[in-house]
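These notes are about the structure you will find just below.
Quick note: numbers below take in every heavy atom, side chains included, and nothing from hydrogens, waters or symmetry partners. Not measured: the values here are computed from a predicted model. Naming: A, B, ... by sequence-line order, numbering from 1 per chain.
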Amino acid sequence: MPKANKVYSHKDVEKEAQEFWEKNQVFSVTEDPNKEKFYCLSMFPYPSGSAHMGHVRNYTLGDAISRFQRLLGKNVLQPMGWDAFGLPAENAAIKNKVQPANWTNQNIEKMRSQLRKMGFAYDWKREFATCDPKYYKWEQWFFIEMLNKGLAYQDEAEVNWDPVEETVLANEQVEDGKGWRSGAKIERRKLKQWFLKITDYAEEMLEETDKLDGWPEQVKAMQKNWIGKSEGMKFIFNSKKEGIPISVFTTRPDTIMGVTFLAISGDHPIALNLEKENEEIKSFLKDINSIKLSEADLAKQEKLGIDTGLQATHPFSKEDIPIWIANFVLSAYGSGALMGVPAHDERDFEFAKKYSLQIKQVIKGSSENKIEDAAVIEKNLLINSGEFDGLNFDEAFKQIDKKAKKLKCGQRQVNYRLRDWGVSRQRYWGAPIPVVKNLKGDVEGAKEIPVLLPTEVEFSGVKSPLSEMEEFTKVSYGDKDFIRETDTFDTFFESSWYYARFASFDSNNAMLDERAKYWLPVDQYVGGIEHAVLHLLYSRFFYRCLRDLNLVEGSEPFLNLLCQGMVLKDGLKMSKSKDNVVDPDEMIEEFGADALRLFVMFAAPPDQSFEWSDQGLRGASRYLNRLWNLVQEHIKSGLRIDLNFSDSSEQVRALRNKTHQTLSKVKDDFLRRHSFNTAIASVMELTNAIPKDFLSTKATDAEKSSVKEAINTILISLSPISPHITHALWRQLGNEEAIIDVNWPEADKNLLKEKSVEIAIQINGKLRGRVTVESNLPQKELETLAREQENIKKYIENKKIKKVIYIDKKLLNLVVSEK
RNA sequence: GCCGGAGUGGCGGAAUUGGUAGACGCAGGGGAUUCAAAAUCCCCCGAUUUUUUAAUCAUGGGGGUUCAAGUCCCCCCUCCGGUACCA
């Protein structure tokens, strides 16, 4: 007979459970063709110092899903690693005079111990950090493969240049156009950088986005919008003086006859030519070209332009069209030039108003408004367009395309917003780009990998330490001398394939091996919504490249995606600067990992942001204590080993109803809805539903059995969320098998139905009464019962019942009117 | 600006397919236990009117569809995420 433990000590319970899992290597998995696999992955953390509540939430979600899948009998892989390259290590290095490598490794030690205390079911043997040469060697190999296939190329790209520190700054290191440390005015510079041809996969990824059934709709929408496919036409306008053709893309070819100006970007060849001879333009370009702006800043800034004085010829009308330089024209999108149609585009309208440019209406408006007051955006029939008058959008598109082709001044074109991925970073703490160039400047892939990143460096934040190190930059193959590339990879490079490496974590001979084909794709990916576009899109791109190298099967890396919301305190994101950080360690110390896990899962649905509350955590802890005491009382009442319901009462039947309803709801909430908060609420309801006298030694066998059935359900349901206490209590109940190894008990369908139900009675849709009836009572009899109710009578007296609406087992609505 | 979310009691949230708004928990009030407190247990708990019964109002704001709207449609406000070198 197991002994009852009077007091719940979370420290003892959690230590013992963790030792049990460790000793039995419960979470260490290998490929097993006889079992259904389930690969559950939470986004690995950047080792910034210590784990925060965002991590606790993310990893508890992943762990709960993993453990639930295990209950369903699957071969579950849940790994963990470290996204170890990145900017904060460099910042810390400058501030604290430590090596980025050492700082990173110390953080990893700290965070690993924190995650271990949380009791997450990780297969720790697979752990790796991306700053380990054994890892980045393979992405260097992968890059060279891409280079050989023509998927990597060099081009000029802009950076933020800090002239004082002589370094490139990240966008977040630029504050109001100034360097965050030096305070120097940041300059825009162009550097030759490496790009990956993600645009080659744009169409494929776009098409397959819709097939991602396990992804949230909003993330799919964001991905599609980011790729931004638009169908339209390219037109070529010839500039009169320069003779340089200006190519523009438009999604509204039907407005071609309404073009009253052309706008080119500040770095368009025509603009750069004019800069040399025109002081006014030179000074304008200096203003708009001096700093690199984010898309958001660009969109918010005042629209400015300058007339170049040049004209272009309209390809159809042969009229002269003025050419302007404008600060809102993106050089990176389309061709760096656009056709201005003020009558039918809001931005062009605003620009034309400001600079008093002509507004020419060519699309029929639907309102009375004058074209001088507002642009007509909607599609409609063409006017003032000569031979195209009276055509609708589709017809006009066809005819205009036909004519443009004939005149060789344009054609149909598909354009994507998505740009190729620039992977070069002028930073020290990243994976070296494995490229060398000879003395003539020709570029080729490094012959030996890994190209090791030196870990003992002079690091002050001024200049790139790598380019100062001759032992790094100078390399010779045979008798030929080369210079090494000193840029490193964007850290998204590492995170775009780490999920695959977990399968082949110890492979020394290849990037990935056959094991990757067993484990991939990831069945459930869990992480922050902030990664909805970039990280996930880059990962989808890399997965396709891996597929094309025959390293993985299928096209999508993540079958199901769960994006969790943020953890807030006092309505704000937790951060050191706001001094509202809650340290998980302190919470574990005081309340235990189980209570913390229970609270973060209970406080809000996973995809919403949730508000931290010390009181709420206390409440979770109080519930676990109550559960502990409940089990102790049940044990004292005398355990029934075999369930025996032969002399069941109404009360027993009611508890069993609740138990089986809970089983059914918890499974649905875990699997389909990912609604852990309501799963926990229903388990609490079941706990509350156990009658006090069923815990007495005098209770009948059936009563004790029903309590046992309820407690088993509570413990199994809760075991993915609070695994330690449920492990301990399961043991105390005398079970041989550990709770981690049990199979999920399916609900008994016959016990889901209740004998009686409460029906709402409405008059004209307003609630006027309730009746409790046998659940199989026919509608007619229910109606009779309802009409007899005092409160209902007064609403139907002298009235005509027009309509009766009955929703099975829920509601009866009588629609009445005056006679 | 653009793309994507969110807004429900004092608070976190529930209401799954248009069908009883407020499950579950926190805070609060009352009681039991205690010399006392903590802990624990029991009861109450959206607002207004009402002795009870009941009625009216109420899901960011304004309109609409419907027998019935937190849920669907249109317009607006506020906050949050992303916006290509933070991860």
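Pairing for B:U34 is absent, judged as Watson-Crick or G-U wobble with the two contacts each under 3.5 Å. Using N1 to N3 plus N6-O4 or O6-N4 for Watson-Crick, or N1-O2 and O6-N3 for G-U wobble, each under 3.5 Å, B:U50 pairs with nothing.
Between A:Leu169 atom CG and B:C86 atom C1' the separation is 13 Å, expressed in whole Å. Rounded to an integer number of Å, the gap from A:Glu790 CD to B:U52 P is 19 Å. Put simply, CH2 on A:Trp82 is 17 Å from P on B:A87, counting in whole angstrom units. Rounded to whole angstrom, the span from the CD atom of A:Gln615 across to the C1' atom of B:G25 amounts to 12 Å. Residue A:Trp612 contributes atom CH2, which lies 14 Å from atom P of B:G13 at whole-angstrom precision. A:Gln301 has its CD atom 16 Å from the P atom of B:C2, to the nearest Å.
Mapping A:Met222 and A:Leu418 onto RNA chain B by nearest heavy atom places A:Met222 at the nucleotide closer to the 5' end.
Using cut-offs of 30° and 60° for the angle between ring planes, the A:Tyr525 and A:Tyr498 rings count as tilted.
Considering A:Leu598, A:Thr678, A:Thr713, A:Leu718 in turn, A:Leu718 is the only one that fulfils the side-chain contact (heavy atoms from CB on, under 4.5 Å) rule with A:Val683. Evaluated for a side-chain hydrogen bond (donor to acceptor under 3.5 Å, both in side chains) with A:Gln193, the options A:Gln426, A:Gln154, A:Glu158 yield exactly one hit, A:Gln426.
No cation-pi contact links A:Arg540 to A:Trp226, judged by a cut-off of 6.0 Å to the six-membered ring centre and 45° from its axis.
The phosphate of B:A55 (OP1 or OP2) has a side-chain N or O of A:Asn791 nearer than 4.0 angstrom. Side-chain N/O atoms of A:Arg626 include one lying less than 4.0 angstrom from OP1 or OP2 on B:G25. Residue A:Arg622 places at least one side-chain N or O under 4.0 Å from the OP1 or OP2 atom of B:C26. Phosphate contact (OP1/OP2 of B:A55, side-chain N/O of A:Tyr795, threshold under 4.0 Å): present.
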